[in-house]
Protein chains: 2
Amino acid sequence: MARAEDDRLHEGILRFEQICRERGIPVTVQRRVVLEELLESSTHPTADQIQRGVQRRIPGISQTTVYRVLELLVELDLARKTCSPGTACRYDGRTVRHHHLVCLSCDRIVDHDDPALNDLPFPDRGSTGFELREYSVQFLGTCPDCLNAPKDTEKIPP
Amino acid sequence: MARAEDDRLHEGILRFEQICRERGIPVTVQRRVVLEELLESSTHPTADQIQRGVQRRIPGISQTTVYRVLELLVELDLARKTCSPGTACRYDGRTVRHHHLVCLSCDRIVDHDDPALNDLPFPDRGSTGFELREYSVQFLGTCPDCLNAPKDTEKIPP
DNA sequence: CTGCCTGCAAACGATTTGCACCAGC
DNA sequence: GCTGGTGCAAATCGTTTGCAGGCAG
């Protein structure tokens with residue numbers, strides 16, 4: 001697990017550096033650290049959570065910068081932005097196809113991999129008119145923690 | 001099409017009235033009209049768009065009430081709340097299993113029905129710990145309008 | 001009389017924007 | 001010196017909340 005995350009981290013950073021080189025985008029400390037933070041976290045952090053993590057390494061970094069870097073990463077297809085019906089948007093450093101278990105009670109999002117879900121039929125371009133490049137299955141329900149907690153679980157995923 | 005929507009409308013209203021009767025929830029004009037507006041619209045309107053539609057029939061209705069009614073409808077499982085990575089949350093009056101085509105450029109959400117997607121395997125309760133009751137496949141890409149418009153399409157779905 | 005639905009205005013939280021400063025080319 | 005990234009503070013936007021009036025049971 002730690003090994004897989006480590007690989008993902010290095011691979012992501014390398015890809016980032018290559019893309020930046022190609023497009024002439026400067027690789028600043030802030031950008032690298034935000035990406036690292038995102039790749040290291042296996043939860044699906046909010047901008048705020050990422051900010052907190054990054055601040056341990058760059059104490060002076062501003063929220064604005066974190067938002068701007070995240071937006072850039074999404075543009076470069078190095079991150080995915082997801083908004084569950086809760087409050088804040090969440091960012092996801094995994095760009096390979098995977099799926100999500102969403103807790104309707106506490107908004108937690110957990111990754112779900114299942115080979116059986118990775119080859120679903122894309123809608124026909126002709127009938128929908130959409131040009132589609134990716135998909136993701138969202139399962140909705142209740143997470144283990146909220147199942148145990150009788151009600152009104154606080155909305156703060158670990 | 002118009003026929004199907006009509007059926008959905010009446011069925012939804014009836015279900016709403018029954019649920020309210022069961023739970024002793026008053027069926028006010030505002031609630032009925034918001035639900036009707038939601039059921040009539042085939043797009044996935046934001047709270048704001050619903051508000052505009054409802055105001056044609058109840059000029060004095062407040063945004064607050066629209067939000068509160070929508071929240072109630074979600075609680076009663078008569079509507080689904082979806083947040084695409086854009087800005088505002090969107091509401092969906094269709095509670096039967098269906099899927100979504102999401103335009104990453106203008107945030108439009110279009111329904112997609114495909115029998116092949118309606119019987120996917122649910123994750124194992126034992127391994128995930130989640131109690132899941134529904135799922136939905138989100139296809140990500142670009143809608144026909146945004147494919148035609150070169151760039152920076154306005155973020156206002158019709 | 002009581003409860004709760006509604007409307008208004010203010011509060012709130014997440015995100016964006018305007019502007020000035022600063023570093024690197 | 002010019003370009004573009006960053007930080008700060010203010011603005012913005014969607015949504016929520018506190019409170020008072022009003023209607024229905």
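Below, chains carry the letters A, B, ... as their sequence lines are ordered, and counting in each starts from 1.
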For this session: Could you identify which residues cluster with Leu14(A), counting Ile, Leu, Val, Met, Phe, Trp and Tyr as linked when any side-chain heavy atoms lie under 4.5 Å apart, either directly or through a chain of such contacts?
Result: none

Exercise. Other than Val137(A), which residues form its hydrophobic cluster under the rule that side-chain heavy atoms must be closer than 4.5 Å?
Worked result: Leu101(A), Val110(A), Leu117(A), Leu120(A), Phe122(A), Phe130(A), Leu132(A), Tyr135(A), Phe139(A), Leu101(B), Val110(B), Leu117(B), Leu120(B), Phe122(B), Phe130(B), Leu132(B), Tyr135(B), Val137(B), Phe139(B)

Problem set entry | Phosphate-side-chain proximity, Tyr67(A) and dT15(C), N/O vs OP1/OP2 below 4.0 Å | yes

Problem set entry | Partners passing side chain to side chain contact (heavy atoms under 4.5 Å, CB included) against Gln51(B) (at least two apart in sequence or in another chain) | Gln55(B), Ile61(B), Gln63(B), Val66(B)

Return the polar atom pairs (N/O with N/O) between nucleotides 21-25 of chain C and the protein under 3.5 Å, or none.
none

Exercise. Among all residues two or more places apart in sequence or in another chain, which pass the salt bridge (charged side-chain N to carboxylate O under 4.0 Å, His left out) test with Glu71(B)?
Worked result: none

Seminar exercise, completed: Once base and sugar-phosphate atoms are separated, protein heavy atoms under 4.0 Å mark nucleotides 2-12 of chain C, 5' to 3', with B, S and - as ---SBBBB---

Seminar exercise, completed: Residues passing the side chain to side chain contact (heavy atoms under 4.5 Å, CB included) test with Asn118(B), sequence neighbours excluded, are Arg97(B), His99(B)

Exercise. So, Arg57(B) and Glu36(B), do they make that salt bridge, N to O below 4.0 Å?
Worked result: yes

Exercise. For Arg52(A) and dA14(C), what is the distance between atoms CZ and C1' respectively, to the nearest whole Å?
Worked result: 13 Å

Seminar exercise, completed: Applying side chain to side chain contact (heavy atoms under 4.5 Å, CB included) to Arg52(B) and not counting sequence neighbours gives Asp48(B), Gln49(B)

Cut-off 3.5 Å, no hydrogens considered: what does the side-chain donor-acceptor table look like for residues 18-30 of chain B, sequence neighbours left out?
from	atom 1	to	atom 2	distance (Å)
Gln18(B)	NE2	Glu22(B)	OE2	3.1
Thr28(B)	OG1	Arg31(B)	N	3.2

For this session: Quick one: list whatever passes side chain to side chain donor-acceptor pair (under 3.5 Å) with Thr95(B), sequence neighbours left out.
Result: Arg15(B)

Problem set entry | Residues forming a side chain to side chain contact (heavy atoms under 4.5 Å, CB included) with Arg94(B), sequence neighbours excluded | Arg8(B), Asp92(B), Val96(B), His98(B), Asp111(B), Asp113(B)

For this session: Would you grab the first and last nucleotide of DNA chain D (5' to 3') that comes under 4.0 Å of any non-hydrogen atom in chain A?
Result: dG5(D) to dA9(D)

